[in-house]
Amino acid sequence: MAELLNVQGLSAGYGEAVVLHEVSLSIDPGQTLALLGRNGTGKTTLINTLAGATQQHAGSILLGGQVLHKLPSHERAAAGIGWVPQERNIFKSLTVHENLTAVARPQRAGRASSPWTPARVYELFPRLAERKSNLGTQLSGGEQQMLALGRALVLNPTLLLLDEPCEGLAPIIVQELLRAIRRITREEGLSAIIVEQHPQAILAISDTAAVLDHGTVVYAGSARSLQEQPELLDKLLGVAR
Ligand SMILES: Nc1ncnc2c1ncn2[C@@H]1O[C@H](COP(=O)(O)OP(=O)(O)OP(=O)(O)O)[C@@H](O)[C@H]1O
Ligand SMILES: [Mg+2]
């Protein structure tokens, strides 16, 4: 099977500072990759580099065979990258509905599942339907995260990039988001890279995993085998239990 995403020898950072060192990874169509690592190990930098928002020094990024690394950020979105940044950037001065309709774009040809529309986002997150006319500023953190995810979905991406989608949210909201992410990925087959610091819940809904340390990949393999080796996981994440 042809790979959906192929990243080779990626080095990137901010200005002169190099944060990622020769990162390589790949994702098959329909698969979800859990991207793990302690604070400051380069997870966000990797996501942002895939989205075209850092200084890339070396390496290649191919999405469905298309060269991405030479494209500016907005063209990567058009090429199929659905990026939900760690800071959840929604349009705060627009309503929930305006946020969704401002960016919605028809599905590109050849995708199996039904296209994401604002109506399907409301079905996925009934809370957003209730808040349809509320401004972004009036949303809770969890609702903002749902809207950020909804905005990425209505672009009908081929690869979703989720940077700590559950960070700082109450457990009940985390459960709701995880259920939605599971539905989008496992049931509807959308490929994703999901960044998390707390690995168990994400490993359970991922096919593969990569662990970063100091900007290099220190584990790449099956999510299940990592989940079944808690000592290795603790060692990779530097957790003392
Ligand atoms: N805008 C920036 N300019 C300069 N250095 C940065 C910038 N953003 C991050 N860094 C540095 O890059 C390194 C990796 O940061 P990054 O945010 O990618 O880590 P992370 O794994 O996402 O961490 P966290 O788990 O806290 O989100 C850190 O040393 C950080 O200080
Ligand atoms: Mg981060």
Side-chain angles (χ1 to χ4, degrees), residues 5 7-25 27 32-61 68-69 72-74 76-77 81-90 141-142 144-149 151-152 157 159-171 173-174 177-178 181 185 192-206 208-221 223 226-227 232-241:
L5 178 74
V7 172
Q8 293 292 331
L10 201 60
S11 295
Y14 306 91
E16 298 287 289
V18 181
V19 174
L20 293 182
H21 306 277
E22 295 184 29
V23 168
S24 298
L25 53 87
I27 300 181
T32 299
L33 176 126
L35 180 59
L36 309 173
R38 286 172 291 125
N39 279 121
T41 51
K43 303 181 298 297
T44 294
T45 305
L46 175 53
I47 293 291
N48 293 358
T49 302
L50 296 177
T54 65
Q55 188 81 44
Q56 186 180 327
H57 300 293
S60 62
I61 306 169
L68 285 196
H69 55 269
S73 193
H74 67 277
R76 296 189 198 199
I81 293 283
W83 178 33
V84 183
Q86 191 163 9
E87 61 276 11
R88 304 170 188 156
N89 63 347
I90 56 171
Q144 287 182 21
Q145 184 63 67
M146 290 170 196
L147 182 55
L149 182 52
R151 270 172 42 106
L159 177 68
L160 201 53
L161 306 177
L162 300 179
D163 196 346
E164 301 211 31
C166 302
E167 188 184 19
L169 301 177
I173 306 293
V174 169
L177 275 165
L178 287 175
I181 291 168
T185 57
I193 299 181
I194 308 175
V195 175
E196 261 300 329
Q197 280 193 57
H198 306 291
Q200 291 304 343
I202 288 299
L203 285 174
I205 60 170
S206 298
T208 59
V211 182
L212 287 182
D213 191 19
H214 290 91
T216 66
V217 176
V218 291
Y219 175 93
L226 191 54
Q227 206 176 10
L232 172 64
L233 189 57
D234 285 358
K235 187 170 151 239
L236 291 170
L237 297 179
V239 184
R241 274 191 197 141

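In listed order, ligands and their atoms are each counted from 1. These values consider heavy atoms only, across backbone and side chains, with no hydrogens, waters or symmetry-generated copies.
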May I ask you to identify the nearest protein heavy atom to [atom], giving residue, atom name and distance to one decimal place in Å?
| atom | result |
| --- | --- |
| atom 16 (P) of ligand 1 | T45 OG1, 3.6 Å |
| atom 26 (O) of ligand 1 | N39 ND2, 2.8 Å |
| atom 10 (N) of ligand 1 | Y14 CE1, 3.5 Å |
| atom 21 (O) of ligand 1 | K43 NZ, 2.8 Å |
| atom 13 (C) of ligand 1 | V19 CG1, 3.6 Å |

Considering non-hydrogen atoms only, spot the tightest contact between [X] and [Y] and give its length.
| X | Y | result |
| --- | --- | --- |
| V84 | L149 | CG2-CA, 4.1 Å |
| L226 | A209 | CD2-CB, 3.9 Å |
| L169 | G141 | CD2-C, 3.6 Å |
| W83 | A51 | CD2-CB, 3.4 Å |

_Flag if over 12 foreign heavy atoms under 6.0 Å of NE2, H214_ = no
For [Y], does its backbone N or O pair with a side-chain atom of [X] as donor and acceptor, under 3.5 Å?
| X | Y | result |
| --- | --- | --- |
| Q56 | G59 | yes |
| T49 | A12 | no |
| H69 | I61 | yes |

Taking only heavy atoms of [X], which atoms of ligand 1 are found under 4.0 Å from at least one of them?
| X | value |
| --- | --- |
| R38 | 21 (O) |
| T44 | 17 (O), 18 (O), 20 (P), 22 (O), 27 (O) |
| Q86 | 27 (O) |

*asked:* Using a 3.5 Å cut-off on N or O atoms only, is G37 in polar contact with ligand 1?
replied: no
*Under 3.5 Å, N or O to N or O, is G42 touching ligand 1 that way?*
yes
*Hey, is there an N, O or S on T44 sitting under 2.8 Å from the Mg ion (ligand 2)?*
yes
*Give a yes or no on whether Q86 keeps an N, O or S atom under 2.8 Å from the Mg ion (ligand 2).*
yes
*Which residue from A12, G40, G15 reaches closest to atom 28 (C) of ligand 1 through any of its heavy atoms?*
G40
_Lys/Arg-Asp/Glu bridge criterion (N-O < 4.0 Å) met for D213, R38_ = yes
*Is there a protein heavy atom less than 4.0 Å away from atom 31 (O) of ligand 1?*
no
